[in-house]
Chemist: 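First, the structure itself, so that you have it in front of you.
Note on naming: letters A, B, ... go to the chains in the order of the sequence lines (proteins, then strands), and numbering restarts at 1 for each one. Keep in mind that this is a model prediction, so the values were computed, not measured.
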Amino acid sequence: MSYLHNIGAYFLMIAEMFRKPTKWSVMRTLILKDIDDLIIGSLGIVAFISFFVGGVVTIQTALNIDNPLIPKYLIGFATRQSIILEFAPTFISIIMAGKVGSFITSSIGTMRVTEQIDALEVMGINALNYLVFPKFIALMLYPFVISIAMFLGILGGMAAVIFGGFGTLDDFITGIQMDFIPFHIIYAFIKTFVFAFVLATIPSFYGFYMKGGALEVGKASTTSFVWTSVAIILLNYILTQLLLAK
Amino acid sequence: MIEVKNIHKSFGDAHILKGISTTFEKGKTSLVIGQSGSGKTVFLKCLLGLFTPDEGEILYDGKAYSSLTDDEKRNLRAKMGMVFQGSALFDSMTILENVMFPLQMFTKQSKAEMEERADFVLKRVNLEDAHHKMPSEASGGMQKRVAIARAIVNKPKYLFCDEPNSGLDPKTAIVIDNLIQEITDEYNITTIINSHDMNSVMEIGEKIVFLRNGLKAWEGSKENIFKTDNEVVTDFVYSSNLFKKVRQMYLEEKG
Ligand SMILES: Nc1ncnc2c1ncn2[C@@H]1O[C@H](COP(=O)(O)OP(=O)(O)OP(=O)(O)O)[C@@H](O)[C@H]1O
Ligand SMILES: [Mg+2]
């Protein structure tokens with residue numbers, strides 16, 4: 001019952017977010033600030049994780065392909081596929097649900113408990129548009145973060161091959177260029193856009209409608225992380241079935 | 001002028017406001033007093049439109065809130081200033097930006113004009129050199145004064161203050177009370193203050209509404225609150241020893 005209620009309230013929130021838009025001159029500043037906080041601020045951790053996990057994916061693949069009949073360039077191929085299809089869009093999004101998601105929930109939640117949201121509403125400002133819409137726009141740049149994750153993931157794989165002596169650079173490069181299906185990139189970016197929307201709105205929902213004090217802000221961040229991850233995993237399953245299964 | 005007609009408000013099973021009616025006049029400061037938990041904040045938030053009463057009606061200069069369109073409600077709210085119990089300053093903005101915020105949202109003034117106006121009201125609340133501090137770097141009393149500056153910067157028609165001087169030393173508290181009184185006179189606005197502080201009652205408050213358990217237990221003028229025989233009121237008013245003595249002296253004087 002309360003789940004259904006929350007889902008309904010979530011969709012009402014999304015509709016409300018687009019109503020009564022805030023003045024553009026103010027909105028522009030808010031969007032720039034959110035791009036800085038949510039996108040630029042995440043690049044470091046995303047780059048770090050992508051590079052090293054990319055390396056690990058490659059090592060694991062290489063160690064599992066010890067049959068001499070299987071060509072070495074398959075290491076590059078498998079690395080590319082797993083990074084572009086799953087690791088960069090999905091795995092990084094779960095990390096972001098922790099980083100960006102809890103930041104959004106706790107900052108909006110703090111504004112709720114200290115009555116800053118009431119202060120906005122008293123002034124006749126649509127607080128949902130003021131607070132959530134700029135995050136939604138900022139996260140439209142999220143595919144840019146994922147592109148970097150893809151690039152660095154593959155680069156990490158390449159470094160692992162060279163430094164670990166799992167094959168030649170030529171084989172790896174042949175592998176990552178092999179049987180390239182452009183639709184896979186489209187699939188990855190469709191997922192990325194959907195996840196960006198989830199990352200902007202679910203944590204906002206848990207922050208905006210929270211009740212209580214500082215302790216509850218912490219709890220709301222945890223709940224928000226759980227449900228953002230669940231939504232990402234489920235949507236990943238549904239989108240993969242819809243877009244890739246023939 | 002704000003007319004309140006028989007408003008009720010419940011949260012779940014808890015019946016908080018149980019039918020309150022009163023009027024608040026233009027150009028006057030009215031005080032809503034009562035014990036902690038008596039429903040003062042809930043009452044004020046109903047007046048602000050943050051809570052919708054379950055029953056009853058609130059009229060602003062003759063117009064019922066519930067009959068307004070969304071646009072009219074927003075225009076009405078743009079004419080309200082509110083000082084929250086916890087100040088509710090935007091903590092991502094400097095003090096100056098906080099005060100400029102309503103102007104930014106609701107006027108077409110240039111940045112220079114907005115800064116000039118914000119500077120003027122900040123001086124009005126005796127804050128001269130804190131413009132570029134963040135709210136977290138300001139003391140509680142400074143935050144209250146910034147909140148008052150933000151509430152009055154766009155020349156509101158209605159000013160609401162939820163315990164504007166709670167947690168302040170008696171001297172600063174009086175400064176703030178008098179400031180609100182002066183601003184009310186100066187701009188001829190309808191001001192409503194929540195308080196449980198009898199010192200405020202002594203300083204300001206041309207009309208006093210006494211709430212108890214979600215009901216209006218008494219209302220009247222400042223002079224009358226010290227003369228009334230209503231036990232509920234005297235119980236509250238004379239809970240401190242100082243006021244007990246004052247009352248005794250008054251009664252002895254009367255003979
Ligand atoms: N949003 C809410 N949901 C549920 N109950 C509430 C809510 N807001 C207030 N209450 C309840 O309403 C009652 C009155 O609270 P209110 O905040 O109006 O008291 P108050 O008179 O302002 O007290 P104080 O002087 O301590 O500020 C309290 O019992 C409180 O628990
Ligand atoms: Mg209160």
Chemist: Can you tell me if CZ on A/Phe11 sees more than 12 non-hydrogen neighbours from other groups inside 6.0 Å?
Modeler: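 No, the 6.0 Å shell around CZ holds no more than 12 heavy atoms from other groups.
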
Chemist: Could you tell me which residues in residues 19-47 of chain A have at least one non-hydrogen atom under 4.5 Å from a non-hydrogen atom of chain B, sorted by residue number?
Modeler: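 Within residues 19-47 of chain A, the residues under 4.5 Å from chain B are A/Arg19, A/Lys20, A/Thr22, A/Lys23, A/Val26.
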
Chemist: Would you say CD of B/Gln35 has more than 12 non-hydrogen atoms from neighbouring residues, nucleotides or ligands within 6.0 angstrom?
Modeler: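 Result for CD/B/Gln35: open.
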
Chemist: So which part of B/Leu76 gets closer than 4.5 Å to some heavy atom of chain A, the side chain, the backbone, both or neither?
Modeler: neither

Chemist: Cut-off 3.5 Å, no hydrogens considered: what does the side-chain donor-acceptor table look like for residues 1-13 of chain B, sequence neighbours left out?
Modeler:
residue: B/His8; atom: ND1; partner: B/His15; partner atom: NE2; Å: 3.2
residue: B/Lys9; atom: NZ; partner: B/Thr52; partner atom: O; Å: 3.0

Chemist: Measuring only between side-chain heavy atoms, which start at C-beta, is A/Val122 closer than 4.5 Å to B/Phe84?
Modeler: yes

Chemist: Under 6.0 Å from the NZ atom of B/Lys45, do we count more than 12 heavy atoms belonging to anything else shown?
Modeler: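 Count over threshold, so yes.
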
Chemist: How about CZ on A/Phe48, more than 12 heavy atoms from neighbouring residues, nucleotides or ligands closer than 6.0 Å, or not?
Modeler: no

Chemist: Which bit of B/Phe160 comes within less than 4.5 Å of chain A, counting heavy atoms only: side chain, backbone, both or neither?
Modeler: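 Neither part.
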
Chemist: Does B/Glu186, at its CD atom, have more than 12 non-hydrogen atoms belonging to other residues, nucleotides or ligands within less than 6.0 Å?
Modeler: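 For B/Glu186, atom CD is crowded (more than 12 foreign heavy atoms under 6.0 Å).
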
Chemist: Return the CE to CZ distance between A/Met123 and B/Phe106, rounded to the nearest 0.5 Å.
Modeler: 7.5 Å

Chemist: State the CD-OG distance between A/Gln116 and B/Ser87, to the nearest 0.5 angstrom.
Modeler: 10.5 Å

Chemist: What are the two closest non-hydrogen atoms of B/Ala88 and A/Ala119, and how far apart are they?
Modeler: O-CB, 4.1 Å

Chemist: Centroid separation under 6.0 Å, is that true for the rings of A/Tyr130 and B/Phe90?
Modeler: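 No, the ring of B/Phe90 stays outside the 6.0 Å limit from the ring of A/Tyr130, centre to centre.
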
Chemist: Give a yes or no on this: more than 12 heavy atoms of other residues, nucleotides or ligands lie within 6.0 Å of atom NZ of B/Lys18.
Modeler: yes

Chemist: Enter the distance from B/Asp91:CG to A/Thr110:OG1 here, rounded to the nearest 0.5 Å.
Modeler: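 Nearest 0.5 Å value for the CG-OG1 distance: 7.5 Å.
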
Chemist: Quick one: which residues of residues 185-201 of chain A reach chain B at under 4.5 angstrom, heavy atoms only?
Modeler: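 No residue falls under the 4.5 Å cut-off.
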
Chemist: Using a heavy-atom distance cut-off of less than 4.5 Å, which residues of residues 59-75 of chain B contact chain A?
Modeler: B/Asp70, B/Arg74

Chemist: For each of A/Ile125, A/Thr114, A/Ile117, tally heavy-atom pairs with chain B at distances under 4.5 Å, and name the one with the top tally.
Modeler: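 If we count pairs closer than 4.5 Å to chain B, A/Ile125 comes out on top.
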
Chemist: What's the separation between atom CE in B/Met82 and atom CD in A/Glu115, rounded to the nearest 0.5 Å?
Modeler: 6.5 Å

